[in-house]
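Step one of this worksheet: look at the structure below.
No experiment lies behind these values; they were computed from the predicted model shown.
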Amino acid sequence: MVNVTDGYGSSILGYPRIGPHRELKRALESYWHGSLSREELLEVGRDIQEQQFSELAATGLTQVPGNTFSFYDHVLDNALMFGAVPKRFQPHQDAMDPLDFYFLMARGRPDLPPLELVRYINTNYHYRQPELDAETDFSLHPEALLDEFDRAKAHDIELRPVMLGPLSLLLLSKAGQVPGEAQFDTLTLLDKLLPVYEELFEILAKRGATCVQLDEPAFTSERTEAELAAFERAYQRLSKAPLRPRMLVTGQYGDFGPALAILAASNVEAIGLDLASHRIRPEELAEVPGIRRKRLYAGVISGRNVWRADRYVTLEYLNELAKVCPDLVVSTGSTLLHVPYDLLVEYDIEGNVADRLAFAKQKVGEVVSLAKALTEGPSDKWRKRPTVVHFKQKHAVRQRVYAITPDMREREPYEQRRIAQQAKLNLPSVPATTLGSFPQTDRIRQARYELGEGRLSYDEYRKRIEAEIEATIRLQEDIGLDVLVHGEHERNDMIQYFAELLDGFATTHFGWVQVYGSRCVRPPIIYGDVSRPAPMSVEWITYAQSLTDRPVKGMVTGPVTMIARSFVRQDQPLHETADQVALAIRDEVVDLERAGIAIIQVDEPAIREMLPLRDVGRAEYLRWAVGAFRLATSGVQPETQIHTHIGYSGRAEVVGAIEQLDADVTAIVATRSIEWVLKALKEDCASGHGLSHGVGPGVYESRSARIPDIDELDELLTAAAEAVTPERLWANPDGGLKTRHGWQLEPSLRNLVAAARRIRRRIPTAE
């Protein structure tokens, strides 16, 4: 570690790992399809690692993080490093190659579902959730970590190994439960886990590691007294381990809260704070006992947005922090996993926008530059570039937002709407449908690429899309679905597609960010006031509806999800940006209705995702988030049925917010936690505080290759019908089907339709 007398240090907490050109994505998919060997895949991984630690060392960073690479997911990597293999996978462990066993846990197979895919803290990244029970034992398997550490050392680069802290590893895991017994508390495994961390520390110390990074993002959320006591006990013990490197414990993604004082009172040498997400005042920090003795990793550069920091304001803040914590390291507030690699490869972002952006490489430069300026003072080079971010404003958009009235967020009472919609749609009980996307063929991807390159006319492109839409409609009719979708073949992504058609958004060509495994997206950038120049989906939806007598859903992404999965301007409150986007979506919804579309789905999976991690601000966030959705959807007539698609949360305030959205039908992402969802729905309905409108709890995981059988779906739908009554129940998967192959999709949907028809025949009230 750097000596403060040599100047202030600089570091980052993690880096993107998919490869600058998505090398890992292509290698993974080739390996899974059988066209790449195991050794070739491992070589791609080694190349990405070595390129990363060599480039980071060359930037001037005084400390380089290691063990941030993953072939699929770092949480799964940590679980396996500490030997946490669920019982249902253990019989296969010795019989399989370790890499294939790893992918079995991550991806599953038809007879063995993968670990559940869960959102990581409050980010757009998703991880495979470890499964723990009372009999879980831990053991150390650090081969991958040590291999990278040794390879870097051979290049005279000392890495700071990064891993999940023990508390977050336990709290982010899924607790196994024995029927009839109380819910298992994963923290009861802490005393089993801590000795394995101590074992790893000893190995690293003997290997020459001087510092190890333990990430505890679970403690930027609200935690119970018992959880905080376990945190204190763990770090009191680990910090007194007889042989270990120095310890850096980080609180990424928000306010470290009470955990900060606990760490300051321990023998932990360094603490990392996400000061980009929660800027603590220096005088407030000074009041924490013991903080002056710690090395502070001041995370002033955001790892989650793409706007450059105001250099002078940030430098002034760092100077004040240094008075409290003289041993200061300039850092990022979180890993840079959540931003694209390099701004310089983008060639057509507007210059006045591009000048104010920083992707991962540029953020590393910001960290190094600030550390140098903190030591030596700002250089002349600083004065050559603007520091204030100016955002594009449109008078007409702002006037329209100011003119919003409360009645624009209101529809007729639900019961009145329900009667009007049933008279118009005449749907059976427990209607079967999907939630939007169907698999995209290579031919369609090629057509989209050629259109963008100017090598294909729009007329020819339209013909190809229409052919795919027709094939999708005919398939759904044959399967027997009651409400159809057009398949979204024209869309590259549920966010980017609309961002490319809205004013105020910028999109990238190479700004890929990993979501999970090999799945990557290009988050757009909101740089100005948002408006809709022209209809965005009407052409494709109305064409699909012209092919069938069954209702076809219009599919639109909701305003909260549009901003949650974009890099958002920072010069105005989020609720103002959300209302701007909501007005644009409102125009689209009204145009779809005018074109004859009777069912319109406005997807809001991110309503839950943006919920503040701590109690402060949650009520206000839900107020404006619900308001934005209602603004987007309340411009239609009572007989037009509004659907939405959300992620489930057991929080009472979120369940209440779902009801307040006032959608006619809410599809809920549940995956293999559906039993919990059904239980919560039943309890909420019994208490009078649940969902009173239509509900479609996802009865199978859309991201899994596993094909659910009819009996399984029948059982889940029967339980759902008991929870919410058949009259309000819909049958659907838990998400879009874009990532599935036809051989997986068709039998799954046929089984879904068969199960829904069983319910109609068997339950008298469903007739």
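- Between Asp709 and Asn751 the shortest heavy-atom distance is CA-ND2, 3.7 Å.
- Within 6.0 Å of atom CD in Glu143, more than 12 heavy atoms from other residues, nucleotides or ligands are found, so the atom counts as buried in its surroundings.
- Not one N or O on the side chain of Arg750 forms a donor-acceptor pair closer than 3.5 Å with the backbone of Leu752.
- At a threshold of 4.5 Å between non-hydrogen side-chain atoms, the residues Arg207 and Leu146 count as touching.
- For the 3.5 Å distance criterion, the side chains of Gln514 and Tyr72 fail to qualify, holding no donor opposite an acceptor.
- Note on Arg46 versus Glu43: salt bridge recorded, some NZ/NE/NH1/NH2 to OD/OE distance being below 4.0 Å.
- Ion pairing between Lys192 and Glu135 fails under the 4.0 Å rule for side-chain N and carboxylate O.
- Pro16 approaches Leu336 most closely through the heavy-atom pair CG-O, 3.3 Å.
- Ser239 places a side-chain N or O within 3.5 Å of a backbone atom of Tyr235 that can act as its donor or acceptor partner.
- Between the side chain of Ser173 and the backbone N or O of Leu169 there is at least one donor-acceptor pair closer than 3.5 Å.
- Using a 4.0 Å cut-off between charged nitrogen and carboxylate oxygen, Arg244 and Glu202 do not count as a salt-bridge pair.
- Shown here are the side chain to side chain contact (heavy atoms under 4.5 Å, CB included) partners of Gln90, two or more places apart in sequence or in another chain: Val85, Lys87.
- The pair Asp615-Arg618 meets the salt-bridge criterion, with a side-chain N (NZ, NE, NH1 or NH2) lying under 4.0 Å from an Asp/Glu carboxylate O.
- Atom CD1 of residue Ile18 and atom CD1 of residue Ile48 lie 7.0 Å apart, to the nearest 0.5 angstrom.
- Here the side chains of Ser748 and Pro733 are not in contact, with every heavy-atom distance at 4.5 Å or above.
- The side chain to side chain contact (heavy atoms under 4.5 Å, CB included) check on Ala261 picks up Val288, with sequence neighbours excluded.
- Contact record, Asn124 with Ala564: ND2-O, 3.1 Å, taken as the closest heavy-atom pair.
- Between the side chains of Glu712 and Tyr700, no donor-acceptor pair is found at a separation under 3.5 Å.
- Put simply, the side chain of Lys174 never gets that close to the backbone of Glu131: no donor and acceptor are under 3.5 Å apart.
- Separating the CE atom in Met247 from the OH atom in Tyr197 is a distance of 10.0 Å, to the nearest 0.5 Å.
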Check against side chain to side chain donor-acceptor pair (under 3.5 Å), Arg758 and Thr718: CA-CA 9 Å; Arg758 279 188 187 179; Thr718 299; over 6 Å; no
Steps toward side chain to side chain donor-acceptor pair (under 3.5 Å) verdict (His338, Tyr253): CA-CA 11 Å; His338 312 294; Tyr253 310 115; 2.8 Å; yes
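- Arg160 contributes no side-chain N or O that, together with a main-chain N or O of Pro65, makes up a donor-acceptor pair within less than 3.5 Å.
- Checking side-chain atoms of Glu216 against main-chain N and O of Thr250 turns up no donor-acceptor pair under 3.5 Å.
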Stepwise side chain to side chain donor-acceptor pair (under 3.5 Å) test for Asp274 and Ser334: CA-CA 6 Å; Asp274 187 351; Ser334 69; 5.0 Å; no
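- Atom NE2 of His278 is separated from atom CG of Asp255 by 3.5 Å, given to the nearest 0.5 angstrom.
- Side chain of Arg246 to main chain of Thr210: no donor-acceptor pair is present (N/O by atom type, distance under 3.5 Å, no hydrogens or angles).
- Here the straight-line distance linking atom CG of Leu159 with atom CD of Gln213 works out to 11.5 Å at 0.5 Å rounding.
- Asp47 and Gln49 are not linked by any side-chain donor-acceptor pair at a separation below 3.5 angstrom, with hydrogens and angles left out of the test.
- Of all heavy-atom pairs spanning Glu158 and Cys211, the tightest one is OE2-N, 4.2 Å.
- Checked against a 6.0 Å centroid threshold, the rings of Phe219 and Phe231 count as neighbours.
- Between Leu189 and the choices Leu170, Asp133, Asp137, Leu194, the side-chain contact (heavy atoms from CB on, under 4.5 Å) rule is met once, by Leu170.
- Under the side-chain contact (heavy atoms from CB on, under 4.5 Å) rule, Gln252 has a single partner from Thr335, Leu273, Thr220, which is Thr335.
- Between atom OG1 of residue Thr434 and atom CG of residue Asp734 there is a gap of 12.0 Å, rounded to the nearest 0.5 Å.
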Test log, rule side chain to side chain donor-acceptor pair (under 3.5 Å), inputs Glu604 and Thr561: CA-CA 5 Å; Glu604 283 291 23; Thr561 299; 2.7 Å; yes
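- Note: Tyr15 and Phe53 fail the aromatic proximity criterion, with ring centroids not under 6.0 Å apart.
- There is a side-chain donor-acceptor pair under 3.5 Å between Asp73 and Tyr125.
- Judged by distance alone, the side chain of Glu148 and the main-chain N or O of Asn67 form a donor-acceptor pair under 3.5 Å.
- Note that the CD1 atom of Ile707 and the CG atom of Asp111 stand 11.5 Å from one another [nearest 0.5 Å].
- Residues passing the salt bridge (Lys or Arg N to Asp or Glu O under 4.0 Å) test with Arg223 are Glu227, sequence neighbours excluded.
- With sequence neighbours excluded, the residues that form a side chain to side chain contact (heavy atoms under 4.5 Å, CB included) with Ala754 are Ile710.
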Salt bridge (charged side-chain N to carboxylate O under 4.0 Å, His left out) evaluation trace for Glu269 with Lys294: CA-CA 6 Å; Glu269 287 84 4; Lys294 305 300 178 183; over 6 Å; no
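- Using a distance-only test at 3.5 Å, with no hydrogens or angles considered, no donor-acceptor pair links the side chain of Asp215 to the main chain of Gly165.
- Residues Leu13 and Val162 fail the side-chain proximity criterion, which asks for heavy atoms closer than 4.5 Å.
- None of Glu609, Arg304, Arg608 except one satisfies the side chain to side chain donor-acceptor pair (under 3.5 Å) rule with Asn122; the exception is Arg304.
- Shortest non-hydrogen contact noted between Pro86 and Met105 is CD-CE, 3.5 Å.
- Of the residues listed (Tyr516, Tyr127, Phe69, Tyr120), the one engaging His74 in a ring-ring contact (aromatic ring centres under 6.0 Å, His included) is Tyr120, and it is the only one.
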Residues 91-98 side chain polar contacts: donor-acceptor under 3.5 Å, at least two apart:
from: His92; atom 1: ND1; to: Arg109; atom 2: NH2; distance (Å): 3.4
from: Asp97; atom 1: OD1; to: Arg38; atom 2: NE; distance (Å): 2.8
from: Asp97; atom 1: OD2; to: Arg38; atom 2: NE; distance (Å): 3.0
from: Asp97; atom 1: OD2; to: Leu99; atom 2: N; distance (Å): 2.9
from: Asp97; atom 1: OD2; to: Asp100; atom 2: N; distance (Å): 3.4

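- Between the side chain of Thr68 and the backbone N or O of Gly14, no donor-acceptor pair lies under 3.5 Å.
- When all heavy atoms of Ser139 and Val196 are compared, the closest pair comes out as C-CG1, 3.9 Å.
- In terms of the side chain to side chain contact (heavy atoms under 4.5 Å, CB included) criterion, residue partners of Ser70 (sequence neighbours excluded) are, by chain and number, Arg17, Asp77, Tyr102.
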